[in-house]
Number of protein chains: 2
Amino acid sequence: MPAASTSLCCPPAEPTPPVPTDAAEANAHLARLAKALAHPARVAILRLLVQREGCIVGDVVDELPLAQSTVSQHLKQLRAAGLIRGEVDGPRVCYCVEPGAVSLFKALVAGL
Amino acid sequence: MPAASTSLCCPPAEPTPPVPTDAAEANAHLARLAKALAHPARVAILRLLVQREGCIVGDVVDELPLAQSTVSQHLKQLRAAGLIRGEVDGPRVCYCVEPGAVSLFKALVAGL
DNA sequence: GCCATTCATCGTATATCGACGATGAACGCT
DNA sequence: AGCGTTCATCGTCGATATACGATGAATGGC
């Protein structure tokens, strides 16, 4: 029987939202972050991780109408974009948002 | 000889940024807009159209290192997402940003 | 040690993306 | 009418995305 644990992890993270430099790189960076959120499931995952500021694991799988492997791939893409971070906690893996990357994304979008 | 015209068009547009309703639809909408900006070229195009608040046509082609047909496809995607609008002006087509869609995108991202 | 649980990865199939050249449609001009 | 310009669309190619089931690696509990 799976237990829905809301273990708190990923404590300090990085309070440093690095700013982009030249225009082309800013475009590329914005495009990369936008691509990571170019799928409803990934938007939902990010929102989940923001809400329960603690981290979740397979709770995400229960929340989405997708197979476990599919969710794992979406998590991988979000992690590759730097939007979330996952660290192993026993048999499970704890994911949480990377606040710096999210705020950088917000800043880039606001700067449009 | 092509002339770089900065004709002003797309005047009033819509001052109405409609707000999303339920969560799933908001996610889908955000994903759709993010997908439209999931490529550096499209980000660059949108920025171009924002800068020269007048509209541009093949000036975009000159600005990007892409073939004319490729740029046309990117414009099509941006238009399908509702981020820009194009209206025919004689032999050329005038594109401009859809301010409502852009601000909706900003609001959705800010609400993450 | 052995087994169940949890998650990632692999392999696969289908669909879409991104790029280009070539073609086609619409318009202005002479 | 005919021509050149401007832009969209078509057809094609390789690469990537999305989804799934099946398999594999790591861990905790018996």
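Atom set for the values below is all heavy atoms of this structure, side chains included, hydrogens, waters and symmetry mates excluded. Just so we're on the same page: letters track the sequence lines, and every chain starts at 1.
Contact check for A/Leu66 versus A/His74: side-chain heavy atoms found under the 4.5 Å cut-off. Taking the side chain as every heavy atom from C-beta outward, A/Lys76 and A/Ser72 never approach each other to under 4.5 Å. Looking only at side-chain heavy atoms (C-beta outward), A/Arg47 and B/Leu30 come within less than 4.5 Å of each other. Using a 4.5 Å heavy-atom threshold, the side chains of A/Leu104 and A/His29 count as touching.
The distance between atom CD1 of A/Ile56 and atom P of C/dT6, rounded to the nearest whole Å, is 15 Å. Separating the CZ atom of A/Arg32 from the C1' atom of C/dC17 is a distance of 18 Å, rounded to the nearest angstrom. B/Lys76 has its NZ atom 13 Å from the P atom of C/dT16, to the nearest Å. Put simply, CG on B/Asp59 is 12 Å from C1' on D/dT6, counting in whole angstrom units. Residue B/Ile45 contributes atom CD1, which lies 12 Å from atom C1' of C/dG18 at whole-angstrom precision.
Each of A/Leu112, A/Val102, A/Leu108, A/Val109 was scored for a side chain to side chain contact (heavy atoms under 4.5 Å, CB included) with B/Val109, with one residue passing: A/Val109.
When the nucleotides D/dT9, C/dT6, C/dA8 are ranked by their closest atom to the side chain of A/Leu75, C/dA8 comes out on top.
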TODO: Any chance you could lay out the side chain to side chain contact (heavy atoms under 4.5 Å, CB included) test for A/Tyr95 and A/Val60, step after step, and finish with the verdict?
DONE: CA-CA 10 Å; A/Tyr95 278 101; A/Val60 181; over 6 Å; no
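Taking 4.0 angstrom as the limit, B/Tyr95 places none of its side-chain polar atoms (N or O) nearer than this to OP1 or OP2 of D/dT6.
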- [ ] Treat primed atoms plus P, OP1 and OP2 as sugar-phosphate and everything else as base, then score nucleotides 18-27 of chain D 5' to 3': B for base contact with protein heavy atoms under 4.0 Å, S for sugar-phosphate contact only, - for none.
- [x] SBBBB----S
